[in-house]
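Report on one structure; see the data block that follows.
In what follows, every chain begins at residue 1, and chains take the letters A, B, ... in the order their sequences are listed.
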Amino acid sequence: MNWLGGLLIVAATLFTVFALTPLLNSFSFTNKKIARFGVFASLSIALGIAESFLPDFLLPGMKIGLPNLAILILLYLNGFFPALVVSLVRVVVVTLLRGSFLAMGGWMSLAGALASILAMAIIKKAFKSATPVGVSLIGSVFHVSAQIAVAVAYIGSAAILYYLPFMGLLAIVSGLAVGLVDARILKILSRIGN
Amino acid sequence: MKEFAKKHKADLIIFGCVLALSLGGLIPFFIYRNSNRNGLIASIYRQGELLLKIDLAEEKEERTFEILGTKSKMVIATKRNAIKVAHSDCPTQYCVHMDYVSSPGLPIVCAYNGVSIVLEGGDSSSIVVG
């Protein structure tokens, strides 16, 4: 995994320099956005740590996806870039605290978070009529698929792919649950003028 | 109902596609699980490298043996037509909690040690000990 870790770090650095800089320049940092950014970052970190203490959701390594509760709301309120950054911050902080940073669990978390936020942003953009339920569903399924892909690469055996259909079904359940909660929260936030 | 479907068209399409893919993925699993019931071969891999193949149908009594994972030793237990991970030093113990597995389908995986135990139907005519 050393070469893969090195490659990912190089890719992340290049992405940060070439892609995020113009994005940062175009992003308007209002006080409201900064405060929201901080609130949702701490919320997703707290949810991530809380989730790590919960028992697995029916299958080994399967989690409900509690941090997605916060990240999906931020995606709808502030857009893709803040949700992506909060997602990455959450993964780094939680894996550092749990001791799985740069270990298999950390890579699985990172891959899942990245795949999830990218898929959610694309579906939200492509399907204007998609509600948070559908977006969360896609995020959940891509999260699980990316985690299994990393596990296959890490262990070097495709045997884990047998778990994919089962984890897909469980991801549908967890994605629906998170999406329904978020849809309700977004409704309330829009009513009180978020 | 029609109004609900119209309002949530995108969500229903997403849900339908994801459900169809997941259920579709289960079909080969159940076909494989119920096929080839002549014998049971367990293949033990470490980081994709075949370590051992055991004809479980030939196992007469319960026995245990050790293998070396990428991080620690693991104790494997076998009995007639079944295999399990009896002991592993992995923090999560998922592999141990699976207990005896006796049909092809879901493999036993210890991600910590990079070990996977895959069961296949078959006989011992071509056992290869890696």
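- Criterion: ILVMFWY side-chain heavy atoms under 4.5 Å apart, direct or through other members. Under it, B/Val75 and B/Tyr94 are not part of a common hydrophobic cluster.
- Using a 4.5 Å cut-off between side-chain heavy atoms of Ile, Leu, Val, Met, Phe, Trp and Tyr, with links allowed through other members, A/Val152 and A/Phe142 fall into the same hydrophobic cluster.
- Other residues, nucleotides and ligands contribute over 12 non-hydrogen atoms within 6.0 Å of the CZ atom of A/Phe40.
- Using a 4.5 Å heavy-atom cutoff, the side chains of A/Pro165 and B/Leu23 are not in contact.
- Counting non-hydrogen atoms of neighbouring residues, nucleotides and ligands closer than 6.0 angstrom, the NZ atom of B/Lys9 reaches no more than 12 such neighbours.
- Contacts with chain A were tallied for B/Ser116, B/Cys95, B/Cys110; B/Ser116 has the most, counting heavy-atom pairs under 4.5 Å.
- Hydrophobic clustering keeps B/Leu21 apart from B/Leu26 (ILVMFWY residues linked when any side-chain heavy atoms are closer than 4.5 Å, directly or through intermediates).
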> Which is it for B/Asp11 and A/Val135 under the side chain to side chain contact (heavy atoms under 4.5 Å, CB included) test, yes or no, and what are the steps along the way?
Replying inline: CA-CA 8 Å; B/Asp11 293 339; A/Val135 171; 5.9 Å; no

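- A/Met120 and A/Leu189 fall within the same hydrophobic cluster, defined by Ile, Leu, Val, Met, Phe, Trp and Tyr side-chain heavy atoms under 4.5 Å apart, directly or through other members.
- Interface remark: A/Leu161 contributes no atoms to any contact with chain B (heavy atom separation under 4.5 Å).
- Ranking B/Cys17, B/Ala111, B/Gly25 against chain A, the residue ahead of the rest is B/Ala111, based on heavy-atom pairs under 4.5 Å.
- B/Leu19 touches chain A through backbone and side chain together, each having a heavy atom under 4.5 Å away.
- Contact record, A/Ser129 with B/Ala10: OG-CB, 3.4 Å, taken as the closest heavy-atom pair.
- Taking every heavy atom of both residues into account, A/Leu137 and B/Phe15 meet most closely at CD2-CA, 3.6 Å.
- Counting heavy-atom pairs closer than 4.5 Å to chain B, the top-ranked of the candidates A/Ala151, A/Gly175, A/Ala130 is A/Ala130.
- The residue among A/Thr131, A/Leu169, A/Ile123 with the most heavy atom pairs within less than 4.5 Å of chain B is A/Thr131.
- We find the OH-CG distance between A/Tyr162 and B/Leu119 to be 10.0 Å, quoted to the nearest 0.5 Å.
- Between the A/Tyr154 side chain and the B/Tyr112 main chain, no donor and acceptor come within less than 3.5 Å of each other.
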